[in-house]
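Encoded as structure tokens, the structure appears first; notes follow it.
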Amino acid sequence: MDLGPVELTDYDDAVLSIVERVPRGRVTTYGAIADALHDVFGGGPRAAARVMSQHGSNVAWWRCIRSDGTLPAWLLDEARQAWLEEGTPLRPSGAVDVGRALWVPS
DNA sequence: ATCCTGACGCTAT
DNA sequence: AATAGCGCCAGGA
């Protein structure tokens with residue numbers, strides 16, 4: 001039995017590696033990740049989100065956000081701090097300016 | 001197989 | 001701007 005780290009599916013790896021490629025000060029979205037992986041793995045935004053909910057803690061999770069520039073309430077305080085630190089383009093509301101900050105996986 | 005849940009996204013109010 | 005409804009779909013129970 002492998003009692004080591006939680007087993008990651010290929011899909012999990014794919015999602016996490018995309019997040020790892022997001023440059024400092026930029027973001028990507030669950031939808032963008034889903035689009036990039038759909039042809040190979042299928043799945044939609046929720047599938048990508050699920051991966052982040054389970055494994056996000058070991059990557060720059062604040063760089064993977066909703067299409068409206070936010071994250072769930074319980075993550076917003078921490079995320080904002082990170083966004084400010086790395087100079088992520090924000091909107092007056094405090095949400096990320098997705099139009100300016102979006103990085104699309106290629 | 002069935003039911004429920006969820007770090008989503010889009011449209012219509 | 002804020003809320004509601006609905007489609008979506010993988011995982012776990």
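Naming: A, B, ... by sequence-line order, numbering from 1 per chain.
A/Trp61 comes within contact range of at least one nucleobase, with a heavy-atom separation under 4.0 Å. Residue-level contact check: A/Ser53 touches the bases, meaning some heavy atom is under 4.0 Å from a base atom.
Remark: A/Glu86 does not engage A/Arg26 in a salt bridge, criterion side-chain N to carboxylate O under 4.0 Å.
Counting to the nearest Å, the P atom of B/dA7 and the CZ atom of A/Arg46 are 9 Å from each other. Taking atom NE2 on A/His38 and atom P on B/dG9, their separation rounds to 15 Å, with Å as the unit. Spacing between atom CG of A/Leu71 and atom P of B/dA7 amounts to 11 Å, rounded to whole angstrom units. Here B/dA7 presents its C1' atom at 8 Å from CE of A/Met52, a figure rounded to the nearest Å. In this entry the distance linking CZ of A/Arg66 with P of B/dA7 reads 9 Å, nearest Å.
Nucleotides of DNA chain B nearest to A/Gly31 and A/Ala47 differ in position, and the one nearer the 5' end is that of A/Ala47. The residue among A/Arg91 and A/Arg50 whose nearest nucleotide of DNA chain C lies closer to the 5′ end is A/Arg91.
Rounded to the nearest 0.5 Å, atoms OH (A/Tyr11) and CZ (A/Arg50) are 8.5 Å apart. Between the CZ atom of A/Arg63 and the OG1 atom of A/Thr29 there is a distance of 15.5 Å, given to the nearest 0.5 Å. Atom-to-atom distance recorded for A/Gln54:CD and A/Leu16:CG is 10.0 Å, nearest 0.5 angstrom.
Other residues, nucleotides and ligands contribute at most 12 non-hydrogen atoms within 6.0 Å of the CD atom of A/Gln81. Atom CZ of A/Arg21 sits in a crowded spot, with more than 12 heavy atoms from other residues, nucleotides or ligands closer than 6.0 Å.
Taking only side-chain nitrogens and oxygens, A/Thr29 never comes nearer than 4.0 Å to OP1 or OP2 of B/dC8.
On the nucleic acid side, DNA chain C has its first and last nucleotide under 4.0 Å of a heavy atom of chain A at C/dG7 to C/dG11, going 5' to 3'.
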